[in-house]
Undergrad: 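Before I ask anything, let me first share the structure, which is written out below as structure tokens.
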Amino acid sequence: MSVALAQVNVSPCEVSNGTGFLESVREGNRIFGSSRHRNSRFSCLGGSRTKNGRIFSVRSAIVATPAGEMTTMTSEQKVYDVVLKQAALVKRQLRSTDELEVKPDIPIPGNLDLLSEAYDRCSEVCAEYAKTFYLGTLLMTPERRKAIWAIYVWCRRTDELVDGPNASHITPQALDRWEDRLEDVFNGRPFDMLDAALSDTVSNFPVDIQPFRDMIEGMRMDLRKSRYRNFDELYLYCYYVAGTVGLMSVPIMGIDPESKATAESVYNAALALGIANQLTNILRDVGEDARRGRVYLPQDELAQAGLSDEDIFAGRVTDKWRIFMKKQIQRARKFFDEAEKGVTELSGASRWPVWASLLLYRKILDEIEANDYNNFTRRAYVSKPKKFISLPIAYAKSLVPPTSARTLSPLS
Ligand SMILES: CC(C)=CCC/C(C)=C/CC/C(C)=C/CC/C(C)=C/[C@@H]1[C@@H](COP(=O)(O)OP(=O)(O)O)[C@]1(C)CC/C=C(\C)CC/C=C(\C)CCC=C(C)C
Ligand SMILES: [Mn+2]
């Protein structure tokens, strides 16, 4: 069965007139592509105090040290502030009980059927695009898995804007309209049935709009930027397009009531998993991206290794390239290690899909090594038997109970 992802329509008239609710869903062709996105507007960052006690101004991202010196914040510091904000928002709800208190639906006749149809459609899209992950979600509670499917579909549609069949027509204005539509979703005014599922999800779970806005910001970044000067710039991009997914997912997956880990540390691990996945995605797709004129690898690190864009466009696997790649892979693995510390703290039924996705994505790094670092013309992928072996391992790991007396270090 091939399930088409409903085509995202962000024409101004359709967005402003919220009447076409279910009728407006149109089938589009499913087209895969590599995706990454970026930007430099720190819309996500409310002015506040960082872990170093600094106060920063949102727009300029300039911080004043306690001694009154002005300094620029790193992307990691800026993103960490979002982590703190997200953790503070959900702390109480997540710890109150293992089962989240799901608000009752307003029983408008006919609406419940439509909603259930909307979730069915999200489940089909998720099953079609991310089979293994979908199977994992089946172990979650029905409320949680429906919510994860709805979020998955919104992320996938957002990604398709810059990576899908209509990507060449996407403008910053179209992304602005997609963001307006997101606001409508959070205000209970969904535009189509997939949006309706997300609207229902965000009214039932303590999900904040900020990571969603930030993902759109990542798409803006992808439209206007095709090089990264250093890892700091790349980190911000990875946060926007993938770290945000981690932050969106924690309020749904829930923290185990037995866990003594801080909410911040769990959010930090979720962020790390998103960053690790995106770095891996970038390392896997170097050749494919170069053919689209894109180089996501940090320019300063390439130069230090004696490499340049030209080497990438030429696709030469040299010793310099191998040494460079080893360092990049090492960095991605550190983010996976950081993420692992948090998975055990999630609610029991949510751990398995997260472990499965972590182990499988991490294995892509092993495959790049096995390909002797030729990520120009060979796509690293995890074979079915290897995937299959990972699943019981993930399941066994998911049975490990949360640490009852450990406080994870938020940034290590
Ligand atoms: C269990 C689990 C993985 C839950 C997440 C479900 C979810 C909402 C996924 C959305 C993914 C998505 C469509 C994101 C849009 C942007 C994008 C495409 C990012 C890339 C994903 C990989 O996609 P693919 O290989 O198809 O890439 P191409 O489009 O072909 O280029 C990313 C690499 C990022 C994905 C990031 C995550 C899945 C973050 C996972 C983190 C958590 C679920 C938090 C877990 C909690 C703790 C405490 C560790
Ligand atoms: Mn994509």
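Here, residue 1 is the first one in the sequence, and each next residue gets the next number. Just follow the structure's listing: the first ligand is 1, and inside any ligand the first atom is 1.
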Undergrad: What atoms of ligand 1 come closer than 4.0 angstrom to any heavy atom of I151?
TA: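 Every atom of ligand 1 under 4.0 Å from some heavy atom of I151: 8 (C).
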Undergrad: Taking D200 first and then K146, would you say they form a salt bridge - that is, a charged N and a carboxylate O separated by under 4.0 Å?
TA: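 Looking at K146 together with D200, the answer is no, because their closest N to O distance does not fall below 4.0 Å.
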Undergrad: Only heavy atoms count here, so choose which of G243, G246, A150, A130 is nearest to atom 42 (C) of ligand 1.
TA: G246
Undergrad: Check each heavy atom of V241 against ligand 1 and say whether those closer than 4.0 Å belong to the side chain, the backbone, both or neither.
TA: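 Looking at V241 and ligand 1, just backbone atoms fall under 4.0 Å.
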Undergrad: Look at R284 together with D289 and state whether they make a salt bridge at an N to O cut-off of under 4.0 Å.
TA: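 No, R284 and D289 are not salt-bridged.
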Undergrad: Going by the atom numbers of ligand 1, which of them fall below 4.0 Å from some non-hydrogen atom of V266?
TA: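 Atoms satisfying the 4.0 Å criterion: 48 (C).
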Undergrad: Answer yes or no: does an N/O atom from Y152 fall short of 3.5 Å to an N/O atom of ligand 1?
TA: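 Between Y152 and ligand 1, no N or O pair is found under 3.5 Å apart.
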Undergrad: State whether D309 and R227 are salt-bridged, where the test is any N-O pair (Lys NZ or Arg NE/NH1/NH2 against Asp/Glu carboxylate O) under 4.0 Å.
TA: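 Answer for the salt bridge query: yes.
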Undergrad: Can you sort out the partners of Q304 under side-chain hydrogen bond (donor to acceptor under 3.5 Å, both in side chains), two or more places apart, ordered by chain and number?
TA: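 Residues passing side-chain hydrogen bond (donor to acceptor under 3.5 Å, both in side chains) with Q304: none at all.
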Undergrad: Under 4.0 Å from any heavy atom of V354, which atoms of ligand 1 are there?
TA: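 In order of numbering, the contacting atoms are 1 (C), 45 (C).
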Undergrad: Identify, by atom number and element, the atoms of ligand 1 in contact range of M253, meaning under 4.0 Å from any of its heavy atoms.
TA: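 Answer, ordered by atom number: 1 (C), 4 (C).
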Undergrad: Taking the side chain as every heavy atom from C-beta outward, state whether D159 and C155 have any atom pair closer than 4.5 Å.
TA: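 Sidechains of C155 and D159: no contact.
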Undergrad: Is ligand 1 under 4.0 Å from a heavy atom in the side chain of Y267, in the backbone, in both, or in neither?
TA: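 Neither; no heavy atom under 4.0 Å.
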Undergrad: Go through the steps for F186 and F212 under the test ring pair (Phe, Tyr, Trp, His ring centres under 6.0 Å), then give the verdict.
TA: CA-CA 10 Å; F186 274 76; F212 293 81; 5.3 Å; yes
Undergrad: I need the atoms of ligand 1 closer than 4.0 Å to a non-hydrogen atom of G342, numbered in the order shown.
TA: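 In order of number, 48 (C).
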Undergrad: For ligand 1 and Q278, I'd like to know whether there is a polar contact (N/O to N/O, distance under 3.5 Å).
TA: no
Undergrad: Evaluating non-hydrogen atoms only, which member of T244, T132, V245 is closest to atom 7 (C) of ligand 1?
TA: V245
Undergrad: Ring pair (Phe, Tyr, Trp, His ring centres under 6.0 Å) between W321 and F324: does it pass, once the steps are laid out?
TA: CA-CA 5 Å; W321 178 250; F324 172 79; 5.4 Å; yes
Undergrad: Counting from 1, what ligand 1 atoms have a heavy atom of S357 closer than 4.0 Å?
TA: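 Close to S357: 3 (C).
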Undergrad: Quick one: does ligand 1 sit under 4.0 Å from the side chain of T158, the backbone, both or neither, non-hydrogen atoms only?
TA: neither
Undergrad: Please list, in number order, the atoms of ligand 1 under 4.0 Å from a heavy atom of S249.
TA: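 Taking each heavy atom of S249 in turn, ligand 1 has 5 (C), 43 (C) under 4.0 Å.
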Undergrad: Could you check whether atom CZ of F313 has more than 12 heavy atoms from other residues, nucleotides or ligands sitting under 6.0 Å from it?
TA: yes
Undergrad: In terms of side-chain heavy atoms, does Y119 have a donor or acceptor partner in T201 at a distance below 3.5 Å?
TA: yes
Undergrad: Under 4.0 Å, heavy-atom basis, I'd like to know which part of Y129 is in contact with ligand 1: side chain, backbone, both or neither.
TA: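 The answer is neither; Y129 stays 4.0 Å or more away.
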Undergrad: Looking at R181 and D176, does any basic side-chain N land under 4.0 Å from a carboxylate oxygen?
TA: no
